[in-house]
Amino acid sequence: MATGTTRVDGTEPLPVPGPTRPGAPSPRRRVRRRGERGPLASFGLHLTLLAAAFIALLPPLWLLVTSFKPKSETFSLSLVADFTLDNYDHVVNDTAFLTWFGNSVLIVLVTTVIGVLISSTTGYALSRFRFPGMRPLMWTLLITQMFPMAVLIVPLYNLMSRYGLLNQPVALIVTYLTIAVPFCAWMMKGFFDTIPVSIDESGRVDGLNPFGTFWRLIMPLAKPGLAVTGFYTFVTAWAEVAYATAFMTGEDNLTLAGGLQTFVNQHTQDWHLMTAAAVLIAVPATLVFGYAQRHLQSGLTAGATKS
């Protein structure tokens with residue numbers, strides 16, 4: 001390449017790459033923006049997400065597949081070779097499953113309604129009012145979350161036994177409220193902090209008392225937070241096992257969580273029946289989640305910020 005010029009030291013300058021053909025633009029290397037992933041990083045991320053999704057979905061899918069297998073094929077690794085509905089028929093018609101289901105529905109409904117009411121009123125009071133003992137109450141709500149459930153079984157059992165509440169639905173209702181209300185009240189407090197205080201002031205100008213302001217103006221705006229609170233309370237009461245098996249004995253008093261243990265214990269190993277019952281138990285929870293999921297994301301994120 002002729003340059004026609006030389007450097008002071010007598011050496012030729014480095015050649016400058018030119019266009020590949022006359023009139024063609026010079027090739028330019030695309031500069032990647034900060035934070036933009038390359039092809040290899042994007043492939044690795046998607047591969048990791050697919051692996052995580054597979055790991056998360058495999059247990060429930062395998063549970064569903066096993067529920068349609070006869071007892072002889074329970075532990076086989078093949079898919080359903082001999083499809084049958086006998087497991088579901090036996091669980092529904094030959095066990096006390098419907099009784100367990102009724103007990104669970106009663107306990108869950110009462111726990112959810114009372115838990116949402118107490119949590120919302122407590123959270124609103126902590127968000128809007130200043131009263132003696134407010135800070136100790138807030139610390140109490142946090143400290144109660146530090147104790148694991150196993151530590152509280154014995155003292156709660158003694159209390160329920162002293163007051164004759166064992167084998168009574170009220171025992172589980174009170175117990176589940178002690179679990180759900182502190183967490184939900186703190187979460188609702190954070191959610192109410194995001195609602196402007198000017199709405200309360202406008203309600204008082206219109207002649208509403210504090211409860212009227214809360215019920216007529218604030219509660220309609222708090223639907224996402226109420227959905228999260230209600231769903232958390234529902235899951236707490238629906239899927240809890242330790243208290244349900246400790247406080248309730250006798251086949252007619254069991255809930256669904258306690259009834260599952262009758263299929264697999266030290267005397268029987270009916271895994272095919274347990275998987276069928278587990279699928280039936282998961283259906284209501286799935287329906288509730290599907291109904292509340294449109295509010296869950298906004299409710300969880302709203303309670304995490306303060307305006």
Check: Can M188 be reached from L117 by stepping across I, L, V, M, F, W or Y side chains whose heavy atoms are under 4.5 Å apart?
Finding: no

Checklist line | Under 3.5 Å: donor-acceptor pair, side chain of N103, backbone of P169 | finding: no

Notebook entry, point to check: Counting only N and O atoms by type, is there a donor-acceptor contact under 3.5 Å from the side chain of T122 to the main-chain atoms of S119?
Noted result: no

Notebook entry, point to check: Closest approach of G123 and F192, non-hydrogen atoms and distance?
Noted result: C-CD1, 3.6 Å

Checklist line | G259 backbone acceptor or donor facing T262 side chain under 3.5 Å | finding: yes

Notebook entry, point to check: Any side-chain heavy atom of W100 within less than 4.5 Å of one from T255?
Noted result: no

Note to self: Using side-chain heavy atoms (C-beta onward) and a distance below 4.5 Å, is Y243 in contact with I179?
What the structure shows: yes

Margin query: Could you walk me through whether S120 and T229 satisfy the side-chain contact (heavy atoms from CB on, under 4.5 Å) test, starting with their C-alpha distance in whole Å, then the side-chain angles of each, then the deciding distance to 0.1 Å, before giving a yes or no?
Written below: CA-CA 9 Å; S120 58; T229 301; over 6 Å; no

Next item on the list: Report yes or no: do D94 and H90 form a side-chain donor-acceptor pair below 3.5 Å?
Entry: yes

Note to self: The test is side-chain contact (heavy atoms from CB on, under 4.5 Å); show your working for W271 and V264 and say whether it passes.
What the structure shows: CA-CA 7 Å; W271 290 98; V264 178; 3.5 Å; yes

Notebook entry, point to check: Between OG1 of T275 and CG of L260, what distance do you get to the nearest 0.5 Å?
Noted result: 10.0 Å

Next item on the list: Compare every heavy atom of Y176 with every heavy atom of A244, then report the nearest pair and how far apart it is.
Entry: CB-OH, 3.8 Å

Next item on the list: For residues V91 and A277, report the shortest heavy-atom separation together with the two atoms involved.
Entry: CG1-CB, 4.0 Å

Could you pull out every donor-acceptor pair under 3.5 Å between side chains of residues 211-219 and any protein atom, sequence neighbours left out?
{"residue": "T213", "atom": "OG1", "partner": "N209", "partner atom": "O", "Å": "3.1"}

Notebook entry, point to check: Is there a path of hydrophobic side-chain contacts, each under 4.5 Å between heavy atoms of I, L, V, M, F, W or Y residues, that connects L57 with V279?
Noted result: no

Margin query: Could you walk me through whether N93 and D89 satisfy the side-chain contact (heavy atoms from CB on, under 4.5 Å) test, starting with their C-alpha distance in whole Å, then the side-chain angles of each, then the deciding distance to 0.1 Å, before giving a yes or no?
Written below: CA-CA 6 Å; N93 297 320; D89 180 71; 2.6 Å; yes

Notebook entry, point to check: What's the spacing between M160 CE and N167 CG if we round to 0.5 Å?
Noted result: 12.5 Å

Next item on the list: Find out if a path of hydrophobic residues (ILVMFWY) with successive side-chain heavy-atom gaps under 4.5 Å connects M134 to F191.
Entry: yes

Item checked: Distance, nearest 0.5 Å, that separates CG of N87 from CE of M274 -> 11.5 Å

Check: Is there a donor-acceptor contact under 3.5 Å from the side chain of S104 to the main chain of L256?
Finding: yes

Next item on the list: Give the ring-plane orientation class for F289 versus F231, where under 30° counts as parallel, over 60° as perpendicular and anything between as tilted.
Entry: tilted

Next item on the list: For T178 and T175, indicate whether the former's side chain and the latter's backbone hold a donor-acceptor pair under 3.5 Å.
Entry: yes

Checklist line | Contacts of type side chain to side chain donor-acceptor pair (under 3.5 Å), residue Y88, not counting sequence neighbours | finding: S67

Note to self: Testing T112, T111, V105 one by one against W238 for a side-chain contact (heavy atoms from CB on, under 4.5 Å), which residue passes?
What the structure shows: V105

Check: Given the rule that I, L, V, M, F, W and Y join up when any side-chain heavy atoms are under 4.5 Å apart, are L63 and F54 in one cluster?
Finding: no

Checklist line | Atom of F263, atom of L273 and distance for their closest heavy-atom approach | finding: CD2-CB, 3.8 Å

Check: Are T84 and F68 close enough, and set up right, to give a side-chain contact (heavy atoms from CB on, under 4.5 Å), and what steps lead you there?
Finding: CA-CA 5 Å; T84 179; F68 295 110; 5.7 Å; no

Note to self: Distance check, rounded to the nearest 0.5 Å: K189 atom NZ versus M138 atom CE?
What the structure shows: 4.0 Å

Note to self: Is the shortest side-chain heavy-atom distance between R128 and I195 below 4.5 Å?
What the structure shows: yes

Note to self: Looking at every heavy atom in both F131 and A125, which two are closest together, and how far apart are they?
What the structure shows: CE2-O, 3.8 Å

Next item on the list: Kindly indicate whether the side chain of V241, heavy atoms from C-beta on, has any atom under 4.5 Å from the side chain of Q261.
Entry: yes

Notebook entry, point to check: Within a reach of under 6.0 Å around CG of L40, are more than 12 heavy atoms found that belong to other residues, nucleotides or ligands?
Noted result: no

Check: How long is the gap from CD on E251 to OG1 on T95, to the nearest 0.5 Å?
Finding: 7.5 Å

Next item on the list: Looking only at non-hydrogen atoms, find the nearest pair between M248 and N253 and report the distance.
Entry: CE-O, 3.1 Å

Notebook entry, point to check: Does any N or O in the side chain of D252 come within less than 3.5 Å of the main-chain N or O of T99, such that one atom is a donor and the other an acceptor?
Noted result: no

Item checked: Results of side chain to side chain donor-acceptor pair (under 3.5 Å) for E73 - residues two or more places apart only -> none

Checklist line | Rounded distance (nearest 0.5 Å) linking atom CG of L221 with atom CD1 of I199 | finding: 5.0 Å

Check: Mind checking whether F97 and V283 sit in one hydrophobic cluster, side chains of I, L, V, M, F, W, Y counted as touching below 4.5 Å?
Finding: no

